[in-house]
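Everything on this sheet refers to the single structure shown next.
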Amino acid sequence: MQYFMYYRKKLALIRQGLVPAALVLLVILLAPRNLYGQKLYIFLPGEHLAIHIESQLGEYFSGIQIRAFSTFKDFKTIIENERPQGIITKREVVDHIKSFTVALHAQTKGSTTEPYYILSLGEPIQPSQISNKTIGIMDFLGRNDMKTLTVHLLGAEPLKISGVKKLEDLLSLITLDMVQGIITSANDYNFIKRQSKLDFKEARCKNPFSIAVYAADSVNTEISERVKKMPKDLMIFLGFEGWN
Amino acid sequence: MQEIVKQFEKLLCTGISIKPYVNIIMHNFKTKISMASLFHILLLWWIQFNGVFASDGEESLLIFTPPGELFTSAITGLQEETEDEFSVTVLEKSRDDEGDGDLKRYFASTTPKVVVVVGNRLLKLYSKFTNEHKPDATSIPILSIYALDTERAIGHLDNALGISSQTPLVTAIVKFRGVATTTINKVGVIYRDAFEDLVIQNTKLCEREKITIKSIKIGNQTKNHKKEISDALKHLIKKEQVNAFWIPNDNVILSSELLGGVWMPLLKKNGVPVIVGVEVLVKPELDFGTFAVIPDPNGTGVQAANLIFDLKDNEWELPDTRVHPTLSVYTVLNYRKAAKIVNKNNMKTVTKIFE
């Protein structure tokens, strides 16, 4: 009897230990699939520093490694080496990265593209007058590819194109009279207007560029669903209103 | 062995001494190594090393720099931008190395289209070298970066252009206005002769930004500086009622004696924010500068690369504008001093914050 009681107690103790262990296992199995090891990389040159993009998005995308970049060269190199499952960038950038397919298009007021403007001081510079003008632009692709895109944007080739890596440097280009005009997206124009009291004259570029896209290197429902359901304030922070 | 080393160096024509490598090889093998084997090892090493030098069809760019983290960052920016179109060679020269033998050899082996010279010391050394090697060296454009008083430093060189190492005051003030919640529309500047061009030019640029510059020029006599700076500060604070100061990177007027004896007591008393051009002056423990706007080294490298591309597009003819203002900057905020006058929401544009 004593032996029976001893083994019964022992069994109860084992049960007590097994139940929590089983519960932990159940939680692990039923919990959303662990996203550790998944990566979402972002390259959206503009108002925000890469470090701020990472800190803003980090909380919402917990479990997914978020990295933001400030130059195309870094972005491309790291992407090729680390193969993130998803990227958020401009469609024009995705076109230069192999094996990523656009899954979602960012949109504002129903449009997935945003207008670009030529800002100048004194007289406005129309795209048709660009051939004898020196122009500054945010270089998000590298010198040669950016030149091709700029010509597409304007519909004509400027006398000289000065590419900068930071939006604030674009403002400095015109503040310091280093170019006759700067090209900026509608989003970035808002930042420039907040920073500067220069009396800008504006003319709309012939063509728009994409706002942003989410592209994936394979079907990845976890990340794309999280991207799609991103809170509105994060989308506004990144410069758009929603995904299409 | 000495003979084979000499022969190999002659064969390489790069001007780089291979003796240290030979010593390593000999030390590691510790045994008698045949001259033929040594030659093979050196040849393999050369094939590997050859990648840094000009390959067919690429134009060559020589960078002449002192060691240092700041310069490395600038050179990285420059290299990243130019490496697809140029063969880039970096010659690092330490402070105690005043000879030009290595420069001569690099110059001959790389035949650069443009030479980037970092800082004043190497600019002096390189201009001496070009003077001694006319007309070959003087026909090659020089791009000077990180030289203090760039205008004067390259003024005597017909083939030089440069990027100023001083942040334009319009850039600095606009950046500060972007984070400040108080009105920043009248800024006091005290300067010496060497900064006159910068101040005059930027006063006009500031007008377009709706900022008035109230500037006072002081003399070059150091013995008068204490009184001159004190009078100028009092005038600008009381009479002109400036709402910020911009202080140039001038070691003479920012000497520790003047800093502790004049600038700090007067500015602290009146609480006017101070915009400076070096990080050390906004350290909270110093309790002096409010906001620093400093040339961004990587951005300076990118700007230098763009100037090189412009030169190339212009078939290596120098442009009319020789000294270009610094375009890219980073910012440091002394939050302890600025807490009452900055908006936390605007601080996202600030690169570094000292709390």
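To find a chain, count down the sequence lines: A is the first, B the second, and so on, and within it residues start at 1.
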Ion pair [X]/[Y], N-O distance below 4.0 Å:
| X | Y | value |
| --- | --- | --- |
| K175(B) | D169(A) | no |
| K165(A) | E81(B) | yes |
| E85(B) | R143(A) | yes |
| K204(B) | D177(A) | no |

Under 3.5 Å, is there a donor-acceptor pair between the side chain of N306(B) and the main chain of G163(A)? yes
Is [X] atom [atom1] crowded by more than 12 heavy atoms from other residues, nucleotides or ligands, each under 6.0 Å away?
| X | atom1 | value |
| --- | --- | --- |
| E123(A) | CD | no |
| K210(B) | NZ | yes |
| K73(A) | NZ | yes |
| I236(A) | CD1 | yes |
| K147(A) | NZ | no |

Measure the [atom1]-[atom2] distance between [X] and [Y] for me, rounded to the nearest 0.5 Å.
| X | Y | atom1 | atom2 | value |
| --- | --- | --- | --- | --- |
| S162(A) | L327(B) | OG | CG | 8.5 Å |
| R208(B) | L121(A) | CZ | CG | 5.0 Å |
| E168(A) | T351(B) | CD | OG1 | 6.5 Å |
| K166(A) | Y330(B) | NZ | OH | 10.5 Å |
| L176(A) | N202(B) | CG | CG | 7.0 Å |

What closest approach, in Å, do L49(A) and K348(B) show between heavy atoms, and which atom pair accounts for it?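 Closest approach of L49(A) to K348(B): CD1-O, 3.7 Å.
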Between T175(A) and L205(B), which heavy-atom pair has the shortest distance, and what is it?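 The answer is O-CD2, 3.4 Å.
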Are Q303(B) and V164(A) packed together at the side-chain level, in the sense that at least one heavy-atom pair is separated by less than 4.5 angstrom?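 No, too far: nothing below the 4.5 Å cut-off.
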For each of E47(A), R194(A), M178(A), tally heavy-atom pairs with chain B at distances under 4.5 Å, and name the one with the top tally. M178(A)
Find the one option among G178(B), S328(B), C206(B), P168(B) whose heavy-atom pairs under 4.5 Å with chain A are most numerous.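 Looking at each option in turn, the highest pair count goes to S328(B).
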Chain A heavy atoms under 4.5 Å from [X]: which part of the residue, side chain, backbone, both or neither?
| X | result |
| --- | --- |
| T326(B) | backbone |
| N298(B) | neither |
| Q201(B) | neither |

Step by step, work out the side chain to side chain contact (heavy atoms under 4.5 Å, CB included) result for N314(B) and K160(A). CA-CA 11 Å; N314(B) 208 24; K160(A) 192 183 131 191; over 6 Å; no
Tell me, for L173(A) versus chain B, whether the close heavy atoms (under 4.5 Å) come from the side chain, the backbone, both or neither.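 Contact with chain B is through both the backbone and side chain of L173(A).
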Does any heavy atom of chain B fall under 4.5 Å from the side chain of I174(A), the backbone, both, or neither of them? backbone
Decide whether S196(A) and E209(B) meet the rule of one side-chain donor and one side-chain acceptor closer than 3.5 Å. yes
Given R177(B) and K197(A), is the side chain to side chain contact (heavy atoms under 4.5 Å, CB included) satisfied, shown in steps? CA-CA 10 Å; R177(B) 186 179 60 186; K197(A) 290 189 179 174; 3.5 Å; yes
